[in-house]
Amino acid sequence: MDEVYDFGVILQKLRKEKGFTQEQLARLIHKESSIISRYEKGLQNPTFETVKEFAAIFNVSMDYLAGMEKHSNISTFGMNPEQIAITKNLIEAFRKKNISTFQKMSAEHYQIIGKIAVELSK
């Protein structure tokens with residue numbers, strides 16, 4: 001049976017996966033915390049611009065937020081071509097569970113991955 005679209009359910013799931021409180025998420029979009037509760041309960045729908053902000057915060061497409069896409073995307077926005085290539089290789093290796101892909105990576109690639117990991121942990 002197909003899941004019924006419910007923006008509030010999707011938003012709450014993403015928020016909890018990221019470990020955000022409603023107040024923290026509201027601050028990120030420059031709104032009062034009560035608005036997140038209203039979105040999650042289906043009492044109010046966000047504007048197009050707000051949905052775009054949520055898509056950027058949670059690194060998902062607007063189609064995902066609309067319930068039209070059943071998986072999330074990994075955005076490469078702001079990455080240089082080398083970082084994009086490394087990311088694609090890592091994703092493919094995880095899909096295939098191909099350890100040899102990791103063994104073929106250069107020391108420079110590992111340094112870039114390390115820098116990305118450090119930035120993500122901040």
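Below, each value reflects all heavy atoms present in this structure, side chains not excepted, and no hydrogens, waters or symmetry copies.
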*Quick one: salt bridge (Lys or Arg N to Asp or Glu O under 4.0 Å) partners of Glu53, sequence neighbours excluded?*
none
*Which pairs, with at least one residue in residues 22-39 and sequence neighbours excluded, count as a salt bridge (Lys or Arg N to Asp or Glu O under 4.0 Å)?*
Glu23-Arg27
*Residue pair Asp6, Ile10: steps toward the side chain to side chain contact (heavy atoms under 4.5 Å, CB included) verdict*: CA-CA 6 Å; Asp6 186 337; Ile10 294 169; 5.9 Å; no
*For the atom pair CG (Leu25) and CD1 (Ile35), what is the distance rounded to the nearest 0.5 Å?*
11.0 Å
_How long is the straight-line distance from CD of Gln22 back to OH of Tyr39, given to the nearest 0.5 Å?_
12.0 Å
*What do the steps show when you test Phe48 against Met62 for side chain to side chain contact (heavy atoms under 4.5 Å, CB included), and what is the final call?*
CA-CA 9 Å; Phe48 179 79; Met62 292 178 67; 3.2 Å; yes
_ILVMFWY network linking Tyr64 to Val9, side-chain heavy atoms under 4.5 angstrom_ = no
_My understanding is that only residues two or more places apart in sequence, or in another chain, count here; which of them pass side chain to side chain contact (heavy atoms under 4.5 Å, CB included) with Gln12?_
Arg15, Lys16, Glu40
*asked:* I need the minimum non-hydrogen distance between Ala26 and Ser33, along with the two atoms involved.
replied: CB-CA, 3.4 Å
*What are the two closest heavy atoms between Val51 and Pro46, and how far apart are they?*
CG2-CG, 3.5 Å
*asked:* For the CD1 atom of Ile36 and the CZ atom of Phe20, what is their distance to the nearest 0.5 Å?
replied: 10.5 Å
_Give me the atom names and distance for the closest heavy-atom approach of Ile29 to Phe54._
CD1-CZ, 3.7 Å
*Considering non-hydrogen atoms only, spot the tightest contact between Ala55 and Leu65 and give its length.*
N-CD1, 3.5 Å
